[in-house]
2 protein chains.
Amino acid sequence: MSDTDRPPLVAPAPAEAAAYVRDARERRAFCTLLGRCHVAYDGRTTSHAGPADRLVALKPDLTLLVHAADGPKPQNWLAADALDVDVADGALLLTATRESPTEELCVTFESIEQAAAMAADETDATVEISGTEADLKERVLADPALVEPGFRALAAERDTPAGPVDVFGRDSSGRAVAVELKATRAGPDAASQLSRYVDALRRDLHADADVRGILVAPSCTPRTRRVLARDGHEFVSLEP
Amino acid sequence: MSDTDRPPLVAPAPAEAAAYVRDARERRAFCTLLGRCHVAYDGRTTSHAGPADRLVALKPDLTLLVHAADGPKPQNWLAADALDVDVADGALLLTATRESPTEELCVTFESIEQAAAMAADETDATVEISGTEADLKERVLADPALVEPGFRALAAERDTPAGPVDVFGRDSSGRAVAVELKATRAGPDAASQLSRYVDALRRDLHADADVRGILVAPSCTPRTRRVLARDGHEFVSLEP
DNA sequence: CGTGCCAGGTGCCCT
DNA sequence: AGGGCACTTGGCACG
């Protein structure tokens with residue numbers, strides 16, 4: 001534990017917990033509160049959640065998260081720009097607010113089981129992600145033959161009236177090819193998108209331009225196959 | 001603190017932390033770990049994040065969350081169906097896995113500052129949300145005149161070849177009206193959606209059917225206004 | 001700031 | 001499971 005850290009609390013009184021949270025906020029520390037609380041949010045919508053055991057987390061950047069026992073998403077959250085910590089009616093009250101848009105998240109603790117905190121170091125915590133659509137694009141541009149033998153990639157994000165085509169190129173016989181990329185299993189929307197691009201390119205290039213459409217993704221759903229077939233387009237299986 | 005709760009830990013040895021996490025998991029407790037860790041995810045994509053101070057939360061339903069100091073979203077997460085807790089090379093190792101799709105999230109702690117836990121009660125923690133699109137729809141159906149005087153709502157989610165229209169009705173002079181609802185500030189996509197519905201209804205009803213389109217939302221962006229005007233549709237400001 | 005689009009989107013409901 | 005769509009979507013890039 002670093003010099004400035006504070007030991008965790010067990011079943012603190014509201015005032016003690018309030019001081020703990022204020023201290024954590026000043027030190028730009030992570031702070032977690034485990035206890036029974038109810039929650040009110042007012043902003044883009046309005047919500048209320050009755051008393052239950054929850055995990056409330058305060059991040060150094062004033063993000064406040066309220067987690068119930070189930071599910072990966074918080075029940076409520078707020079990227080706040082101000083936090084009030086008060087004791088009212090013998091309860092700890094966290095009021096996080098934000099302007100533009102105006103939002104308020106208020107957590108009222110009936111009881112707190114445990115509180116913990118840790119000052120965050122300045123280490124870069126960046127996540128490196130691979131296997132995204134951007135990676136798939138790189139892969140296709142680096143080795144266009146992965147799409148099909150003889151394919152030449154001429155442009156990425158080529159603009160059309162219908163929006164940018166992921167990859168534009170020509171096949172071994174010189175026909176224009178629009179490639180739509182998806183990093184995960186593709187749905188019908190990807191096939192529709194491809195059709196829009198192909199149509200736009202046909203108009204864009206020449207009235208009678210022959211443009212092929214290829215959907216490149218690890219896999220696609222059955223209905224997507226049908227849409228592709230209907231529009232005369234193709235599917236190529238490729239992992240990012 | 002309930003009988004079964006365990007006191008929080010301060011700078012525990014890996015083995016002690018491992019026992020704490022395993023115990024929390026068995027009791028279906030919330031568990032939070034504050035410390036320095038690195039993270040690896042493999043599943044829909046692949047990601048890696050180097051050592052940094054993070055907040056790791058384990059929920060009773062085996063959801064594992066990894067939060068860095070910034071932002072409301074976790075850096076990594078997994079709604080797991082199995083969790084391995086091990087000590088390897090003097091480090092606590094959390095390995096959460098899931099099948100279908102196959103995913104794995106692995107958190108390795110170099111050091112742990114604090115650990116806390118709380119068994120979750122069975123209280124219903126449901127959030128009541130209002131101000132959603134569903135609420136706006138209720139409001140319009142209950143009082144159609146809010147859209148405009150004399151408007152009659154005839155159907156919600158009326159099917160068209162272009163998808164379901166939020167509200168379908170007729171105005172005071174008997175003309176068909178398609179209403180598209182948005183609970184928040186509407187963007188151009190909402191106007192496009194409305195146009196698709198109106199076009200579909202014109203074909204659906206009669207070749208020469210006169211169909212009006214109205215976008216109902218608290219507000220809309222400038223470009224959205226332009227799209228509406230171009231297509232001859234209208235905007236009505238209404239809060240959910 | 002508005003617009004467009006990806007995301008490990010998630011969640012809900014329906015077929 | 002697939003399909004469609006809302007969501008306090010969040011996030012980034014770009015005009």
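Here the structure is a predicted model, which is why all the values come from computation and not from measurement. Letters A, B, ... are given to chains in the order of the sequence lines, protein chains preceding strands, and every chain is numbered from 1.
Scanning all heavy atoms of the two residues, the minimum distance from B/C106 to B/T95 falls at SG-OG1, 3.8 Å.
Ion pair A/D121/B/R36 flagged as a salt bridge, since at least one NZ, NE, NH1 or NH2 atom sits closer than 4.0 Å to an Asp/Glu carboxylate oxygen.
In this structure, CZ in A/F109 is found 6.0 Å from CG in A/L94, a value given to the nearest 0.5 Å. Atoms CG and CZ, from A/D204 and A/R158 in turn, are 5.5 Å apart once rounded to the nearest 0.5 Å. Of the inter-residue distances, the one linking A/K59 atom NZ with B/R54 atom CZ reads 10.0 Å to the nearest 0.5 angstrom. One finds the CZ atom of A/F30 at 12.5 Å from the CG atom of B/L33 (value rounded to the nearest 0.5 Å).
Distance check on atom P: D/dG4 versus D/dT8 gives 23 Å, rounded to whole Å. The gap from the C1' atom of D/dC7 to that of C/dC6 amounts to 16 Å, rounded to the nearest Å.
Contact annotation for B/R185: backbone-only contact, meaning every heavy-atom pair under 4.0 Å involves sugar-phosphate atoms and none involves a base. A/P188 comes within contact range of the sugar-phosphate backbone alone, with a heavy-atom separation under 4.0 Å but no base atom that close. In this structure, A/T102 reaches neither bases nor backbone, as no heavy-atom distance under 4.0 Å exists between it and the strands shown.
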Please table the atom pairs, donor to acceptor, closer than 3.5 Å between any side-chain atom in residues 135-142 of chain A and protein atoms at least two apart or in another chain.
from: A/D135; atom 1: OD2; to: A/G131; atom 2: N; distance (Å): 2.8
from: A/D135; atom 1: OD2; to: A/T132; atom 2: N; distance (Å): 3.0
from: A/D135; atom 1: OD2; to: A/T132; atom 2: OG1; distance (Å): 3.0
from: A/K137; atom 1: NZ; to: A/E157; atom 2: OE2; distance (Å): 2.8
from: A/R139; atom 1: NH1; to: A/E239; atom 2: O; distance (Å): 2.4

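Shown for residues 224-233 of chain A: no residue has heavy atoms falling under 4.0 angstrom of DNA chain C.
Nucleotides of DNA chain C lying under 4.0 Å from heavy atoms of chain B occupy a range whose first and last members, 5' to 3', are C/dG2 to C/dT10.
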* Structure fact -> Per-nucleotide protein contact along nucleotides 5-15 of chain D, 5' to 3', at a 4.0 Å heavy-atom cut-off (B base, S sugar-phosphate only, - neither), is SSSBSSS----
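With sequence neighbours left out, the side chain to side chain contact (heavy atoms under 4.5 Å, CB included) criterion links B/A186 to B/K182, B/A190, B/L215, B/A217, B/C220. Remark: B/T221 engages B/T224 in a side chain to side chain donor-acceptor pair (under 3.5 Å) (not counting sequence neighbours).
Here the side chains of B/V85 and B/L93 are not in contact, with every heavy-atom distance at 4.5 Å or above. The shortest distance between side-chain heavy atoms of A/R212 and A/I214 falls below 4.5 Å.
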